[in-house]
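Report on the structure given below.
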Amino acid sequence: MFRKILIANRGEIALRVIWACRELGIKAVAVHSDVDRDSLHVRFADEEVCIGPARSSDSYLNVTAIIAAAEISGADAIHPGYGFLSENAYFAEICGECGITFIGPRPETIRRMGDKAEARRTMIEAGVPVLPGSEGTVENVEEAEALARRVGFPVIVKAAAGGGGRGMRVVSDPADLASAFETARTEAAAAFGVPDVYVEKYLVRPRHIEFQVLGDLHGNLVHLFERECSIQRRHQKVIEEAPSPALSPELRERMGAAALQAAQAVNYQNAGTIEFLLDEDGSFYFMEMNTRVQVEHPVTENITGIDLVKEQIRIAAGEPLPFRQEDLRIHGWSIEARITAENPFTFVPSPGLITSFHPPGGPGIRLDTAAYAGYKVLPYYDSMIAKLIARGNTRAEAAGRLRRALDFFVIEGIQTNLPLLREILDDPAFGRGELSTKFMDQLLDRRKANQGQLP
Ligand code: ADP
């Protein structure tokens with residue numbers, strides 16, 4: 001087992017990795033930018049190294065500084081968390097070259113799945129259902145037009161290197177395809193450094209259903225069931241739950257098998273997520289694979305009793321998975337709400353000093369956060385400041401606990417989306433589990449119709 005792990009991240013996920021290290025008896029090294037000195041991940045780590053100024057490109061994305069920090073502190077492994085360098089194949093490769101274990105899949109897997117057009121091709125070859133669309137990248141407008149005619153409008157043009165809901169353009173009217181194609185390429189080049197795009201059929205009211213997988217270094221592979229992440233704003237998840245209210249045991253079985261097939265196709269190692277879109281008619285399609293721990297991993301931990309971060313570390317250290325697929329069961333229900341520092345009406349970020357912070361507790365409540373009273377939310381980084389996760393024996397109990405915990409959560413000094421989250425939980429369609437990726441648009445449209453008044 002490792003003696004010391006460096007955590008190449010900040011915020012709640014850095015703290016989450018420190019919790020796992022502590023439980024495993026491993027020393028944790030925090031890295032931080034100079035404005036993050038007062039962060040909890042720095043406070044609770046065994047050692048800390050400042051890796052540069054505020055801007056992520058100078059600190060949390062600074063490969064040289066992070067590798068140097070690992071060498072100086074004598075860390076034998078690096079946990080990248082999510083975001084930042086977690087899906088950077090070059091970083092994973094450099095770790096290997098420096099004799100530091102990267103806690104994640106092999107660099108070639110990250111590279112292959114990071115190129116979404118290539119991932120699509122791999123899944124087609126492996127026999128995993130994908131949406132009708134291009135084989136790989138689409139080189140010109142003519143090709144895009146021919147494809148769109150074949151699969152039928154609407155289509156979506158997506159950046160091959162895309163992520164975080166960026167670099168996507170939906171086209172419903174054939175007349176808009178040429179300009180959407182060019183804008184998507186320009187946006188992709190600006191955001192990700194590569195202009196490559198691909199085209200696939202756009203589903204109008206799908207659910208986002210993803211499967212958690214775990215593979216060890218000895219060829220054992222399991223899935224830990226699904227998460228439903230259909231409640232999204234601008235393709236970014238807001239509320240996630242496990243299991244999904246939409247899956248019958250039979251559909252779960254089939255989607256789980258497809259997820260394993262997808263992971264098997266790349267001999268997947270460590271924790272990963274296979275994202276699917278589930279259409280209204282019950283067909284499902286591979287969308288992409290995320291080769292890291294997800295923000296929403298706690299809901300899976302809650303229903304399986306498995307600590308995903310500890311498993312990630314054990315797998316990277318070469319330990320075989322301690323369970324087989326047939327040992328895994330779903331226990332109860334779990335729902336997570338992402339709390340962000342932003343105006344709940346305009347969604348404009350609201351950085352600044354948190355003057356009071358009273359987190360809820362009580363039965364079935366878990367809070368993953370690095371925020372506290374006196375903490376200053378910085379404008380340089382992600383606006384998510386906490387994840388509130390409820391668990392119950394049934395969906396209704398989990399939802400009731402989350403709703404109650406949202407009521408008892410006090411965050412003052414900055415604006416947060418707490419009112420919006422309460423609104424979602426109170427929505428009758430949410431209560432019935434009638435979800436789709438259009439859920440938020442519908443809620444926000446209703447809100448507009450009510451002149452922006454909260455119920
Ligand atoms: P990212 O890597 O940026 O998160 P994804 O490929 O995972 O991008 O897509 C993010 C979200 O965009 C999905 O959860 C879904 O809501 C929407 N989306 C992507 N592709 C399609 C599609 N073909 N049809 C309908 N919605 C889509």
Side-chain angles (χ1 to χ4, degrees), residues 82-84 86-88 110 112-124 128-134 137-138 144 147-148 150-172 177 180-181 184 187-188 190-192 194 196-212 226-241 244 246 255 259 262 272-281 283-296 338 382 384 435-444:
Y82 53 70
F84 294 127
S86 62
E87 291 178 287
N88 185 314
I110 301 178
R112 190 135 168 226
M113 294 297 109
D115 178 339
K116 294 195 197 174
E118 173 71 18
R120 236 182 95 84
R121 207 171 20 234
T122 305
M123 294 311 150
I124 295 169
V128 177
V130 300
L131 280 160
S134 52
T137 54
V138 175
L147 260 167
R150 185 163 62 76
V151 306
F153 286 89
V155 295
I156 184 167
V157 185
K158 296 167 88 170
R166 291 176 305 153
M168 288 186 269
R169 273 272 180 295
V170 179
V171 189
S172 307
L177 183 61
F181 180 79
E187 270 181 17
F192 312 107
V194 221
D196 295 348
V197 296
Y198 65 104
V199 175
E200 65 185 22
K201 175 93 189 150
Y202 180 73
L203 299 181
V204 179
R205 276 169 89 85
R207 289 174 181 253
H208 173 120
I209 308 279
E210 57 184 36
F211 272 72
Q212 176 70 53
E226 78 279 6
R227 292 183 286 261
E228 165 137 20
C229 314
S230 299
I231 303 186
Q232 308 177 346
R233 184 178 162 270
R234 299 217 171 140
H235 307 302
Q236 292 251 42
K237 298 160 186 168
V238 180
I239 292 198
E240 304 99 339
E241 63 184 285
S244 161
M255 291 185 79
T273 296
I274 314 286
E275 296 191 338
F276 294 106
L277 287 179
L278 173 64
D279 205 359
E280 288 168 286
D281 68 1
S283 353
F284 61 88
Y285 307 93
F286 169 86
M287 187 165 47
E288 67 160 342
M289 175 166 202
N290 290 317
T291 54
R292 53 171 164 83
V293 69
Q294 303 271 112
V295 174
E296 59 273 23
R338 297 190 188 193
D382 196 76
M384 192 184 76
L435 310 177
S436 86
T437 58
K438 290 290 176 305
F439 181 93
M440 282 296 288
D441 284 345
Q442 288 163 352
L443 185 122
L444 295 174

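The basis for the numbers below is simple: all heavy atoms, side chains too, and nothing from hydrogens, waters or symmetry mates. Both ligands and their constituent atoms are indexed starting at 1 by order of listing.
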The side-chain hydrogen bond (donor to acceptor under 3.5 Å, both in side chains) partner of R227 among E210, E275, E240, H208 is E210

Start with the C-alpha gap between R292 and Q294, add the side-chain angles, then the distance that decides, and say whether side chain to side chain donor-acceptor pair (under 3.5 Å) holds. CA-CA 6 Å; R292 53 171 164 83; Q294 303 271 112; 3.2 Å; yes

Minimum side-chain heavy-atom gap H235-T437 below 4.5 Å: no

Applying side-chain hydrogen bond (donor to acceptor under 3.5 Å, both in side chains), can you list everything that pairs with E241, at least two apart in sequence or on another chain? W333, R395

Report all N/O contacts between ligand 1 and the protein shorter than 3.5 Å as a table of atom names and distances to 0.1 Å; if there are none, say 'none'.
unit_1   : atom_1 : unit_2 : atom_2 : d
ligand 1 : 2 (O)  : K116   : NZ     : 3.1
ligand 1 : 2 (O)  : E288   : OE1    : 3.3
ligand 1 : 2 (O)  : E288   : OE2    : 2.7
ligand 1 : 3 (O)  : G164   : N      : 3.1
ligand 1 : 3 (O)  : G165   : N      : 2.4
ligand 1 : 6 (O)  : K116   : NZ     : 3.1
ligand 1 : 6 (O)  : K158   : NZ     : 3.1
ligand 1 : 7 (O)  : E275   : OE1    : 2.8
ligand 1 : 7 (O)  : E288   : OE2    : 2.6
ligand 1 : 8 (O)  : K116   : NZ     : 3.1
ligand 1 : 12 (O) : H235   : ND1    : 3.0
ligand 1 : 14 (O) : H208   : ND1    : 2.8
ligand 1 : 14 (O) : Q232   : OE1    : 3.4
ligand 1 : 14 (O) : Q232   : NE2    : 2.7
ligand 1 : 16 (O) : Q232   : OE1    : 2.7
ligand 1 : 20 (N) : K158   : NZ     : 2.9
ligand 1 : 23 (N) : E200   : OE2    : 2.9
ligand 1 : 23 (N) : K201   : O      : 2.9
ligand 1 : 24 (N) : L203   : N      : 2.9

Which heavy atom in Y198 sits nearest to a heavy atom in V138, and how many Å separate them? CA-CG2, 4.1 Å

With heavy-atom distances below 4.5 Å as the criterion, would you say the side chains of N290 and E87 are in contact? yes

